[in-house]
Amino acid sequence: MRCFLYVSLLCLLSSCRVREYQKAVKAPEAVQNMFSDQSKSYQPVFDKVLYNCVVDGKTPLGKRYHLSGLLFIKQLEEGKRVVFQNQMGITYFDFGWDNNGNFSVHNIMSQMDKGPLIKTLKKDFELLLFYNLPQKSNGVYALPKYPEDHYLKFDLSKGFVYYIFDQQLLLNRIENADDRKKVTVMQTSPTKTGNLPETIHINHLKANFTIQLQQLNTNNLQTTEDVITE
């Protein structure tokens, strides 16, 4: 009986999350005209950005884990690279995308070399970088619960993503969901289009881990030139 009640509660919470999006309605034309419908127009422009990165999570068996270090994002001539290293210079992962959007794993720690985890991290950074999204959005939506926010929607191969902007057209949140429930929620510091957020908190609701990113002063980037190797 107790198990039945627990499962019922989980189903109810999941349906509530879906119901929230079902109440979304297309924003008025005046609001639609405030946003480009081209995904590339939102891609951040940068040379290199350094974040302090903290990862906390729990395995399926209930064991907690903690990782910390530096996350380095760099635009190269041939594409983009995202590298996460600890303070000792040991690489947790090194991901790359060429200019056609093709993804590759240049290096990854054996404990993290798991297909579902790589897929989750890949999607995280593609959503943050507005990369490998459909060319055109589905438009801008409004939710009665958050009348001050504008929800820019893109369909994905599985589910969809909302980029949520405030009245000043600053990005504050990214929400990814499938047909049943929210999968990932990213809280960002208010960010102008074309920039990367100064702070990012990524909560993986299904995978049960979080990533906290705090952008570091650009003066620190001088010490990171050797992070990315071919």
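Side chains are part of it too, since the values below use all heavy atoms of this structure and drop only hydrogens, waters and symmetry mates.
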Applying side-chain contact (heavy atoms from CB on, under 4.5 Å), run through Leu70 and Leu216 and close with a yes or a no.
-> CA-CA 9 Å; Leu70 298 177; Leu216 299 177; 3.6 Å; yes
Would you give me the side-chain donor-acceptor pairs under 3.5 Å for residues 197-206, sequence neighbours excluded?
residue : atom : partner : partner atom : Å
His204  : ND1  : Phe209  : O            : 3.0
His204  : NE2  : Asp124  : OD1          : 3.1
His204  : NE2  : Asp124  : OD2          : 2.6

Derivation and outcome, side-chain contact (heavy atoms from CB on, under 4.5 Å), residues Phe125 and Lys80 = CA-CA 10 Å; Phe125 295 112; Lys80 296 176 174 64; over 6 Å; no
Is there side-chain contact between Lys136 and Gln38, with heavy atoms separated by less than 4.5 Å?
-> yes
Is there a donor-acceptor pair closer than 3.5 Å between any side-chain N or O of Thr191 and the backbone N or O of Asn195?
-> no
Flag the pair Tyr163 / Tyr151 as yes when at least one side-chain heavy-atom distance between them is below 4.5 Å, and no otherwise.
-> no
Does Thr91 reach the main-chain N or O of Phe93 with its side chain, forming a donor-acceptor pair under 3.5 Å?
-> no
Would you check if the side chain of Glu126 reaches a backbone N or O of Asn132 as a donor-acceptor pair within less than 3.5 Å?
-> no
Hey, any chance Tyr65 and Ile90 share a hydrophobic cluster, counting ILVMFWY side chains that come within less than 4.5 Å of each other, even indirectly?
-> yes
Does atom NZ of Lys114 have more than 12 heavy-atom neighbours, drawn from other residues, nucleotides or ligands, at distances under 6.0 Å?
-> yes
Rounded distance (nearest 0.5 Å) linking atom CG of Asn208 with atom CZ of Arg64 | 8.0 Å
To the nearest 0.5 Å, what is the distance between CG (Leu213) and OH (Tyr51)?
-> 6.5 Å
Gln135 atom CD: more than 12 heavy-atom contacts under 6.0 Å | no
Output yes when Arg81 and Asp94 qualify as a salt bridge under the 4.0 Å nitrogen-oxygen rule, no when they do not.
-> yes
Between Gln85 and Val83, what is the shortest heavy-atom contact and its length?
-> CG-CG1, 3.9 Å
Pair Val82-Trp97, side-chain contact (heavy atoms from CB on, under 4.5 Å): steps then yes or no = CA-CA 9 Å; Val82 176; Trp97 291 260; 3.7 Å; yes
Can you name the nearest heavy-atom pair linking Glu148 to Gln167, along with the distance?
-> O-NE2, 2.6 Å
Here the pair of heavy atoms bringing Tyr162 nearest to Lys153 is CE2-CB, 3.4 Å
Is a side-chain N or O of Asp149 found less than 3.5 angstrom from the main chain of Pro147, in a donor-acceptor match?
-> no
Validation row: Leu169, Phe35 side chains within 4.5 angstrom (heavy atoms) = yes
Between Glu175 and Tyr21, do the side chains contain an N or O donor and an N or O acceptor separated by less than 3.5 Å?
-> yes
From Phe84 CZ over to Asn107 CG, what is the distance, rounded to the nearest 0.5 angstrom?
-> 13.5 Å
Would you say the ring centroid of Phe95 lies under 6.0 angstrom from that of His106?
-> no
Can you get from Tyr131 to Val161 by hopping between Ile, Leu, Val, Met, Phe, Trp and Tyr side chains that sit under 4.5 Å apart?
-> yes
Flag, side chain of Glu29 to backbone of Asn33, donor-acceptor distance under 3.5 Å = no
With a 4.5 Å limit on heavy-atom distance, are the side chains of His66 and Val55 in contact?
-> no
Atom of Pro190, atom of Asn172 and distance for their closest heavy-atom approach | CG-OD1, 3.6 Å
Would you say the side-chain atoms of Ser41 pair up with the backbone N or O of Ser36, donor to acceptor, closer than 3.5 Å?
-> no
Side-chain donor/acceptor of Asp98 to backbone N/O of Asn100, under 3.5 Å | yes
Output yes when a side-chain donor or acceptor of Thr188 lies under 3.5 Å from a complementary backbone atom of Leu171, and no otherwise.
-> yes
Find out if a path of hydrophobic residues (ILVMFWY) with successive side-chain heavy-atom gaps under 4.5 Å connects Met112 to Val54.
-> no
Co-membership, hydrophobic cluster, residues Val183 and Leu129, 4.5 Å side-chain | no
Between CG of Leu71 and CG of Leu50, what distance do you get to the nearest 0.5 Å?
-> 8.0 Å
Are Ile211 and Leu196 connected, step by step, through hydrophobic side chains (Ile, Leu, Val, Met, Phe, Trp, Tyr) whose heavy atoms are closer than 4.5 Å?
-> yes
Please check if any side-chain donor atom of Lys123 sits under 3.5 Å from a side-chain acceptor atom of Asn176, or the reverse.
-> yes
Heavy-atom side-chain proximity of Gln212 to Cys53 below 4.5 angstrom = no
What orientation do Tyr42 and Phe130 show, parallel under 30°, tilted 30 to 60°, or perpendicular over 60°?
-> parallel
Is the shortest side-chain N to carboxylate O distance from Asp178 to Lys158 below 4.0 Å?
-> no
Can you check side-chain contact (heavy atoms from CB on, under 4.5 Å) on Leu133 and Leu156, steps first, answer last?
-> CA-CA 7 Å; Leu133 293 175; Leu156 304 176; 3.8 Å; yes
Rounded to the nearest 0.5 angstrom, the CG-CD distance for Leu143 and Gln22 is 11.0 Å
Residue set satisfying side chain to side chain contact (heavy atoms under 4.5 Å, CB included) with Gln32, at least two apart, ordered chain then number -> Lys26, Ala27, Val140
Within 45° cone and under 6.0 Å: Arg173 NZ/CZ vs Phe165 ring = no
Kindly compute the distance separating CD (Gln214) from OG (Ser189), expressed to the nearest 0.5 Å.
-> 8.0 Å
